[in-house]
Every structure is written in structure tokens, then in C-alpha cells.
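What you are looking at is a predicted structure, and each value in this text was computed from that prediction instead of being measured. Reminder, nothing fancy here: chain letters follow the sequence lines and each chain counts from 1.
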Amino acid sequence: MNTRGSPFYFQVQTIPAKFEQLKTLGEFVGHACQAAAFDGRISYAVTLAVDEACSNIIEHACRSIPETCEITCTCAVDEYALYIELHDHGSPFNPSEIPEPDINAGLEGRGMGGLGIYFMRHLMDEVNFRFVTVDPPQDPEIPGNYLTMVKYRVWAE
Amino acid sequence: MEISITEHKRCSVVSVTGRVDSFTAPKLGEALTELTNSGIYRIIIDMTAVQYVSSAGLRVLIDVQKTCKHNSRGELVLVCVPKPIYDTLDLAGFVPLFRFSDNLTAAVGSF
């Protein structure tokens with residue numbers, strides 16, 4: 001995972017891709033937010049973005065392998081930002097292909113598709129996605145979906 | 001997440017405690033659907049003790065609001081919504097779609 005500076009905090013946790021694990025992952029991300037000295041409002045936003053991302057991974061990418069799919073969450077903090085990378089080895093799932101919902105629509109016009117993605121994009125400062133295919137021997141990375149989100153640390157205003 | 005339901009003369013109050021995420025939201029949805037299926041369309045959701053709501057929870061609220069509004073004079077009222085959750089509702093553009101109250105007694109009396 002690329003960071004702008006040298007991380008002073010670096011933790012990795014792997015969870016089964018099940019909805020009941022979202023709470024555990026939320027606590028894991030919460031520790032990283034504390035390391036980044038984020039206040040309660042920003043910590044809530046970051047935790048929500050990760051929850052939405054993982055819910056989509058579980059629902060879409062892992063649909064083909066529900067029993068064995070896992071999500072590996074890497075959190076790193078340097079002086080500039082909190083970096084979160086979510087990796088799964090499910091089907092290719094590019095969240096940027098999902099259109100944003102119409103947030104100005106009235107009750108009848110509100111479908112629910114895309115709300116999770118919308119939250120991720122608006123709660124985090126950067127959202128990047130890539131899919132790594134098996135390409136030995138050049139590519140040493142584990143194949144699968146890599147979703148990276150970044151929340152900048154803002155110092156004294 | 002825990003749910004407790006109190007029936008009043010003109011509405012029902014659903015008190016929710018804890019997290020409403022992709023895992024727990026279906027349980028909330030089922031409880032609310034049980035109410036609407038039994039003809040109760042004036043529902044107050046007391047969110048005083050709700051810690052967290054993701055889009056899965058918002059989905060449930062929207063679905064139930066649609067059902068309640070389709071039936072005459074029915075609606076969902078959100079009471080004592082904690083600020084981070086209100087901000088989430090605002091980000092989703094949901095604030096104009098619901099009635100809010102900071103006082104449970106007043107909300108019950110408003111029906």
C-alpha cells in the first residue's frame with residue numbers, strides 16, 4: 001500500500017466476509033482513527049465508509065465464494081493521512097461503475113442503489129480501486145480487488 | 001441491536017438500541033414490517049440509544065416510510081436522532097423525507 005510518508009502505525013486484520021464481522025472491523029478501524037488523532041465525528045465517518053465498502057464487497061465481490069471469502073483490512077497512519085486498504089479475492093467489483101443515487105429525489109424517486117458508494121466518496125478524501133489478476137511470475141501481489149481509501153490529517157487551522 | 005415496541009393509542013413507538021448495519025438492519029426491517037402488516041402506519045422510531053446507522057439502516061427507514069405514506073395519514077417520525085446519524089441522513093438527502101422530533105412525548109402526542 002502506498003503512503004505519502006513513513007507510517008508510524010500499521011496494522012492488518014483479516015475477517016471472514018460476513019455481515020456479522022462488520023462490528024469487529026469497525027473497532028479495528030476505530031483504533032487506527034485514534035492513532036490518527038481523529039475526533040469523534042471524523043472517526044464515525046471513516047468507520048461508516050469502511051462499513052459501506054465492506055458491505056458492498058460481501059454483497060457483490062464475494063457473492064461467488066460466500067463461505068471462503070475473506071476481507072483483509074490494512075490500516076496505516078503517517079503524518080499526512082490514514083490509509084485503509086481492503087483486499088478480497090472475490091469476483092472483480094469496481095465500485096466506481098455504480099452510479100450515484102439522486103439525493104434530491106423525493107420519497108418515490110429514491111431507489112437505494114449506490115448509497116454506500118456515495119457515502120464512501122463523500123466521507124473519504126480519496127477512493128481508489130484496482131483489480132489484480134493472476135499474472136505470474138511478474139506480479140507478486142495476491143490477486144483480487146484492492147480498494148484504498150484515504151482520509152487526510154489536517155493540522156492546526 | 002435491541003428493539004422494543006410500545007403501543008400507544010394512535011401510534012407505536014419503536015425504541016432501537018445499538019448498531020443498525022447490514023447485519024442488524026434486516027431485523028429492524030422485520031419488526032417494522034410486522035407493524036405495518038398489522039395495520040399500524042403511524043410509527044415513531046426512538047433513536048436515543050442508536051450508536052450507528054449505515055446505508056442498510058437507511059434503506060429500511062425509506063422502505064417503511066414509503067409503506068406508511070401510501071396509507072392515509074401514516075408516517076414514520078424519527079425521534080432524538082444523535083448528531084452523527086442525523087449528519088448521515090443529511091448526506092444522503094434524507095432529511096426532507098422524514099419528520100424529526102427531539103421530544104418523544106411531544107412526538108407521540110402529535111399524531
Region of A/Glu20 that comes under 4.5 Å of a non-hydrogen atom in chain B: both
Honestly, the part of B/Phe98 sitting under 4.5 Å from a heavy atom of chain A is neither
Let me know which of B/Arg10, B/His8, B/Glu75 forms a side chain to side chain contact (heavy atoms under 4.5 Å, CB included) with B/Arg42. B/Arg10
Indicate, with yes or no, whether the SG-to-SG separation of A/Cys54 and A/Cys73 is under 2.5 Å. no
Region of A/Ala105 in contact with chain B, defined by heavy-atom distances below 4.5 Å: backbone
Assert top hit (heavy-atom pairs under 4.5 Å, partner chain A, pool B/Leu91, B/Leu97, B/Asp21) equals B/Leu91
With chain A, the option among B/Asp87, B/Thr24, B/Val53 that has the most non-hydrogen atom pairs under 4.5 Å is B/Val53
Identify which part of A/Leu123 has an atom lying under 4.5 Å from any heavy atom of chain B, answering side chain, backbone, both or neither. side chain
Do A/Arg153 and A/Phe8 form a cation-pi contact, if we require the NZ or CZ to be under 6.0 Å from the six-membered ring centre and within 45 degrees of the ring's axis? no
Using the salt bridge (Lys or Arg N to Asp or Glu O under 4.0 Å) rule, take B/Asp90 and B/Lys83 through it: C-alpha gap first, then chi angles, then the decisive distance, then the call. CA-CA 10 Å; B/Asp90 194 22; B/Lys83 182 145 198 330; over 6 Å; no
Name the region of A/Lys23, side chain, backbone, both or neither, that has any atom closer than 4.5 Å to a heavy atom of chain B. both
For the pair A/Lys18 and A/Glu67, find out whether any cationic side-chain nitrogen is under 4.0 Å from an anionic carboxylate oxygen. yes
Side chains of A/Gln21 and B/Phe23, heavy atoms from C-beta outward: is any pair under 4.5 Å? no
